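Ligands are counted one by one from 1 in listed order, and the atoms in each one are counted from 1 as well. Here, residue 1 is the first one in the sequence, and each next residue gets the next number. These values consider heavy atoms only, across backbone and side chains, with no hydrogens, waters or symmetry-generated copies. On a predicted model such as this, the values are computed, not experimentally measured, just so you know.
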Amino acid sequence: MSISLAEGIRDIPDHPSAGIMFRDITPLLADPEMFEEVITQFVAGLEGEVDLVTGIEARGFILAAPVALALGVGFVPIRKAGKLPYETESKSYQLEYGEATIEVHKDAVKAGQRVLLVDDVLATGGTARAGRELVEGLGGKVIGARFLIELEALEGRKALGDLPVTSLVTY
Ligand SMILES: O=P(O)(O)OC[C@H]1O[C@H](OP(=O)(O)OP(=O)(O)O)[C@H](O)[C@@H]1O
Ligand SMILES: Nc1ncnc2[nH]cnc12
């Protein structure tokens, strides 16, 4: 029987602010079959193609870490400003409901490493683009991005240019 990932996503109107329909993935995460299905679909075709997986705080971490382990490669956290302890590079950006700054450790990616970007939601694409720019600023090559959810009306793919993007549930 095929699994419907959309059934694990709950709609919360007006969170975190009026007019936003928040797509809550916690029911999916609480279901091990759905969670495993996401990781299986994310890694399909990527064996041997990736040197590092990066995830963006906080929900991106939940999905990116098991993807890294499934591919047998390391995980690099991209964190909100002020959280990483060593020297960092930073990027500020807009997202669907505000603005933020994210950071990565300066030594987290080596020149030429192939990096997969993983996050839960692609909305405006501001977060993912900032993450891509951080990785590429360190000399890494972002080879693709995987999202559980894509909010198509916000056209986040456009912010990622020619990057190969896969999303599993679209709204
Ligand atoms: O495409 P965008 O418009 O940039 O929006 C997508 C981002 O928004 C959410 O993160 P949020 O900053 O809310 O952080 P969280 O994971 O800590 O809740 C989500 O997890 C993505 O990272
Ligand atoms: N509508 C939304 N629901 C959940 N996460 C988001 N990140 C950006 N927009 C979002």
Go through ligand 2 atom by atom and flag the ones less than 4.0 Å from a non-hydrogen atom of M21. 1 (N), 2 (C), 3 (N)
Under 3.5 Å, is there a donor-acceptor pair between the side chain of R157 and the main chain of V165? yes
Where is the nearest protein heavy atom to atom 8 (O) of ligand 1: which residue, which atom, and how far? L95 CD1, 3.4 Å
In terms of residue, atom name and distance, what is the protein heavy atom nearest to atom 3 (N) of ligand 2? R23 N, 2.9 Å
Could you walk me through whether K91 and R129 pass the side chain to side chain contact (heavy atoms under 4.5 Å, CB included) test, one step at a time? CA-CA 10 Å; K91 280 273 175 217; R129 177 171 57 195; over 6 Å; no
Starting from atom 21 (C) of ligand 1, find the nearest protein heavy-atom neighbour and note its residue, name and distance. D119 OD2, 3.3 Å
Do side-chain atoms of Q94 reach the backbone of G126 as a donor and acceptor pair under 3.5 angstrom? no
Could you tell me whether ligand 1 has any atom less than 4.0 Å away from a heavy atom of K80? yes
Within-cut-off N or O pair, A58 and ligand 1, under 3.5 Å: yes
Residue, atom name and distance, where the atom is the protein heavy atom closest to atom 5 (O) of ligand 1: A123 CB, 3.6 Å
Which residue and heavy atom of the protein sit nearest atom 6 (C) of ligand 2, plus the separation: Y97 OH, 3.5 Å
For D120, atoms of ligand 1 separated by under 4.0 Å from a heavy atom: 19 (C), 20 (O), 21 (C)
Evaluating non-hydrogen atoms only, which member of Q94, R59, E57 is closest to atom 9 (C) of ligand 1? R59
For atom 5 (N) of ligand 2, grab the closest protein heavy atom and report residue, atom and distance to one decimal in Å. R59 NH1, 2.9 Å
Taking R79 for its side chain and H105 for its backbone only, find out whether a donor-acceptor pair lies under 3.5 Å. no
What protein heavy atom lies closest to atom 2 (C) of ligand 2? Include the residue and the distance to one decimal. E96 OE1, 3.5 Å
Test side chain to side chain contact (heavy atoms under 4.5 Å, CB included) on R23 and L151; report intermediate values, then the result. CA-CA 10 Å; R23 310 295 180 176; L151 307 180; 4.1 Å; yes
More than 12 foreign heavy atoms under 6.0 Å from CD of E136: is that the case here? yes
Could you tell me whether some N/O pair between L151 and ligand 2 is separated by less than 3.5 angstrom? no
Residue from I39, D51, L46, L52 passing side chain to side chain contact (heavy atoms under 4.5 Å, CB included) with L71: L46
Relative to the heavy atoms of V121, which atoms of ligand 1 are at a distance of less than 4.0 Å? 6 (C), 21 (C)
Pair R10-D31, salt bridge (Lys or Arg N to Asp or Glu O under 4.0 Å): steps then yes or no: CA-CA 13 Å; R10 175 167 64 179; D31 180 319; over 6 Å; no
May I ask whether G125 has any heavy atom positioned less than 4.0 angstrom from an atom of ligand 1? yes
A student checking ligand 1 against Y97 at a 4.0 Å heavy-atom cut-off should list atoms 8 (O), 9 (C), 11 (P), 13 (O)
For ligand 1, which atoms have a heavy atom of G126 less than 4.0 angstrom away? 1 (O), 4 (O)
Answer yes or no: are there more than 12 heavy-atom neighbours, outside E47 itself, under 6.0 Å from its atom CD? yes
Return yes if some donor-acceptor pair links the side-chain N/O of R146 with the main-chain N/O of F42 below 3.5 Å, else return no. yes
Please check whether L122 reaches ligand 1 - meaning an N/O of the residue sits under 3.5 Å from an N/O of the ligand, judged on distance alone. no
Please walk me through it: do L122 and L160 pass side chain to side chain contact (heavy atoms under 4.5 Å, CB included)? CA-CA 10 Å; L122 176 64; L160 295 174; 4.1 Å; yes
Can you confirm, on distance only, whether ligand 1 has an N/O atom lying under 3.5 Å from any N/O atom belonging to Y93? no
Go through Q41 and L5 one step at a time and tell me if the side chain to side chain contact (heavy atoms under 4.5 Å, CB included) criterion holds. CA-CA 11 Å; Q41 292 194 33; L5 297 176; 4.2 Å; yes
For the backbone of E57 and the side chain of K80, can you confirm whether one donor and one acceptor N or O come within less than 3.5 Å of each other? yes
A123 heavy atoms within 4.0 Å reach ligand 2 at atoms 8 (C), 9 (N)
Quick one: does I56 get within less than 4.0 Å of ligand 1, heavy atoms only? no
I'd like the name of whichever of I149, T127, I102, T124 reaches closest to atom 3 (O) of ligand 1 through any heavy atom. T124
